[in-house]
Undergrad: 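Sharing a structure below in structure tokens format, with a few things to ask.
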Amino acid sequence: METALNGDSVEPITVHDFSEKVLEQLVHFHVMKLSGGFFLWIGSEPVLSSLALAVSSKHDAMPLSTLVLGDPSDTTPSSLAQRLTKKTKKQVFVSYNLPLTNSNLALLVENRIKKEMELHPDKF
């Protein structure tokens, strides 16, 4: 723990990177663990074409999510952030930067994230 300027204790931001070949495409994952949540970047090239945010709600079992940046017709980032928030009970930012050419890609990517969460829960 570190101390903020106002005297409160805060967790330092930690970074975790991993990669996997998914459907013949090398996919990179970048996780920044934040105090109370995490930022997850997913892509094959260094771009930031989407950003979604999901948070738990005391009024609904399903977390609230919104797309901050990107194509509103692509629900992948928001849906993924929502499912990860439901799983972790944390605030989740997701930047999903892969083409929508194969519907199985998003499912396989999500499964790889969940596997990494099981292997390294302290990184999320």
Undergrad: Out of curiosity, does F39 fall in the hydrophobic cluster containing I42 (side-chain heavy atoms, cut-off under 4.5 Å, transitive links)?
TA: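 As far as the 4.5 Å side-chain criterion goes, F39 and I42 are not connected within one cluster.
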Undergrad: Between Q91 and V55 (side chain of the first, backbone of the second, donor and acceptor by atom type, cut-off under 3.5 Å), is there such a pair?
TA: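 No, the answer is negative, given that no donor and acceptor are paired below the 3.5 Å cut-off.
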Undergrad: Any chance you could measure L108, atom CG, to K115, atom NZ, to the nearest 0.5 Å?
TA: 12.0 Å
Undergrad: Give the C-alpha distance, both sets of side-chain angles, the deciding distance and a yes or no for side-chain hydrogen bond (donor to acceptor under 3.5 Å, both in side chains) between S95 and N97.
TA: CA-CA 6 Å; S95 179; N97 305 284; 2.9 Å; yes
Undergrad: For the hydrophobic clusters of this structure (ILVMFWY residues joined by side-chain heavy atoms under 4.5 Å, transitively), does one cluster hold both I113 and W41?
TA: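 No, I113 does not connect to W41 through the hydrophobic network.
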Undergrad: For the hydrophobic clusters of this structure (ILVMFWY residues joined by side-chain heavy atoms under 4.5 Å, transitively), does one cluster hold both L98 and L40?
TA: yes
Undergrad: Mark yes or no for whether K90, through its side chain, and F124, through its backbone, hold a donor-acceptor pair below 3.5 Å.
TA: yes
Undergrad: Taking the basic N atoms (NZ, or NE/NH1/NH2) and the acidic carboxylate oxygens, is any pair closer than 4.0 Å for E116 and R112?
TA: yes
Undergrad: Answer whether the closest heavy-atom distance between the side chains of F18 and H28 falls below 4.5 Å.
TA: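 No. Closest side-chain heavy atoms not under 4.5 Å.
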Undergrad: Would a 4.5 Å heavy-atom cut-off, applied to side chains only, mark F29 and D17 as touching?
TA: no
Undergrad: Would you mind reporting whether H16 and M32 have side-chain heavy atoms less than 4.5 Å apart?
TA: no
Undergrad: Among V15, I13, T14, which one satisfies side chain to side chain contact (heavy atoms under 4.5 Å, CB included) with K33?
TA: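 Output: one option passes, namely T14.
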Undergrad: Test your reading of the model: is there a side-chain donor-acceptor pair from K86 to the backbone of P63, 3.5 Å cut-off?
TA: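 No; judged by distance alone, with no hydrogens or angles, the pair does not exist.
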Undergrad: Would you say D74 and L100 make side-chain contact, with heavy atoms under 4.5 Å?
TA: yes
Undergrad: Find out whether T85 and S56 are in side-chain contact, i.e. whether some heavy atom of one side chain is under 4.5 Å from a heavy atom of the other.
TA: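 Heavy-atom side-chain distance check passes, below 4.5 Å.
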Undergrad: Find out if a path of hydrophobic residues (ILVMFWY) with successive side-chain heavy-atom gaps under 4.5 Å connects V22 to L80.
TA: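 V22 and L80: one cluster.
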Undergrad: With side chains defined as the heavy atoms from C-beta onward, is the minimum distance between L34 and F93 less than 4.5 Å?
TA: yes
Undergrad: Output the distance between atom CD (Q25) and atom OG (S44), rounded to the nearest 0.5 Å.
TA: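 Spacing of CD (Q25) from OG (S44) equals 4.5 Å.
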Undergrad: Look at atom CG of L48 and say whether more than 12 heavy atoms of other residues, nucleotides or ligands are closer to it than 6.0 Å.
TA: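 Yes - once you tally the heavy atoms of other residues, nucleotides and ligands closer than 6.0 Å, there are more than 12.
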Undergrad: Report yes if the side chains of L53 and S65 come closer than 4.5 Å at any heavy-atom pair, otherwise no.
TA: no
Undergrad: Do V27 and L23 sit in the same hydrophobic cluster, where Ile, Leu, Val, Met, Phe, Trp and Tyr count as joined when their side-chain heavy atoms come under 4.5 Å apart?
TA: yes
Undergrad: Look at the side chain of S50 and the backbone N and O of Y96, then say whether any donor-acceptor pair between them is shorter than 3.5 Å.
TA: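 Yes, the answer is positive, given that a donor and an acceptor are paired below the 3.5 Å cut-off.
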Undergrad: Are K87 and M117 side-chain neighbours, meaning at least one heavy-atom pair lies under 4.5 Å?
TA: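 Side-chain contact under 4.5 Å: yes.
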Undergrad: Can you tell me how far the CD atom of E110 sits from the OG1 atom of T76, to the nearest 0.5 Å?
TA: 10.0 Å
